[in-house]
Amino acid sequence: MALTIYGIAFSRAFRSLWAANELGLDYTHVPTHFMKESKQPDYLAVNPNGRVPAMVDGDLVLFESMAINLYLARTYGAPLGIDDPVDEARAVQWSFWGITELESTLLRAMFTALGLFGEEADPAKANETLNKGAGRALTVLDRHLDGRGWLVGDSFSVADLNVAGVMHLARNARLDLSQWPNVGGWLDRCYDRPGAKKTLEMARSARG
Ligand SMILES: N[C@@H](CCC(=O)N[C@@H](CS)C(=O)NCC(=O)O)C(=O)O
């Protein structure tokens, strides 16, 4: 089956490219930009939402980064896949959690930290935004990781990749995570993986 992932790496497509790289898959990368190219008819035929990422694998077309990654993990297995259905449910839980509890705050904080979209760069204000909007969730994550290497089970999996993929926004913006040391250590372990390093390089080139 031919696998294609759409979306420049400097976007939420980072998450699905990381998953494909982690799995060592042979895939075609179409670096669709999220502004103009994602609104062209040929791309809208793949993802009518006009957003990236999207994925085509044989006859299957998917949008939503977390769904794409859960599919890739289930289909292609190690090192992301989870055999036990209960643990897989936990991975789904953490994936929803990352999107609903963290993502919007991290995005806002990143815009402020880096001075994007007309904002003045203000790292102190960005950290305030982080604390107010995501402090409670990050404390939940920090406590969960106390004495644990990984979110689910005892090895890196799609659960870690999905949440760490959302946390990429915090790393990009160099937000201060020092009050959540277990989160910091876990993120370093996730981003130390060759699949992450390769995808970070792709994101750097895409950003220019
Ligand atoms: N929930 C979606 C969000 C996708 C998304 O919003 N992607 C941004 C790029 S980071 C995009 O395509 N924006 C274009 C737009 O909003 O028109 C996912 O996780 O895949």
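Whatever order the structure lists them in is the order used to number ligands and atoms, beginning at 1.
By the 6.0 Å and 45° rule, R189 stacks over the aromatic ring of W150.
The shortest contact between atom 14 (C) of ligand 1 and any protein heavy atom is with F34 O, 3.3 Å. Remark: minimum distance from atom 7 (N) of ligand 1 to any protein heavy atom is reached at V52 O, 2.8 Å. Atom 2 (C) of ligand 1 has E64 OE1, 3.2 Å as its closest protein atom, hydrogens excluded (heavy atom only). Regarding atom 5 (C) of ligand 1, its nearest protein heavy-atom neighbour is R12 NH1, 3.4 Å.
Note: S178 OG to N127 CG = 8.5 Å, rounded to the nearest 0.5 Å.
Ring pair H144/W94: centre-to-centre distance below 6.0 Å.
The shortest N or O to N or O distance between R51 and ligand 1 is under 3.5 Å. Taking distance alone, with nitrogen or oxygen atoms compared against 3.5 Å, E103 stays at or beyond that limit from ligand 1.
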Verdict with reasoning, N131 to E128, per side chain to side chain contact (heavy atoms under 4.5 Å, CB included): CA-CA 5 Å; N131 274 300; E128 233 172 78; 5.8 Å; no
Test log, rule side-chain hydrogen bond (donor to acceptor under 3.5 Å, both in side chains), inputs T32 and E37: CA-CA 6 Å; T32 310; E37 286 162 7; 5.1 Å; no
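Contacts between M66 and ligand 1 below 4.0 angstrom, taking non-hydrogen atoms only, are absent altogether. Counting heavy atoms under 4.0 Å from ligand 1, residue K39 touches it through the side chain alone.
At a threshold of 4.0 Å, the pair K197-D192 counts as salt-bridged, since one of the basic side-chain nitrogens sits closer than that to a carboxylate oxygen.
Within the structure, ligand 1 has R15 among the residues with a heavy atom less than 4.0 angstrom away.
Counting the atoms of ligand 1 from 1 in the order shown, those under 4.0 Å from a heavy atom of S65 are 18 (C), 19 (O), 20 (O). Within ligand 1, the atoms closer than 4.0 Å to a non-hydrogen atom of P53 are 20 (O), numbered from 1 in the order shown.
By the neighbour-count criterion of 12 heavy atoms within 6.0 Å, atom NZ of K125 is sparsely surrounded, having that number or fewer from other residues, nucleotides or ligands. Counting non-hydrogen atoms of other residues, nucleotides and ligands closer than 6.0 Å to CG of D83 gives a total of 12 or fewer.
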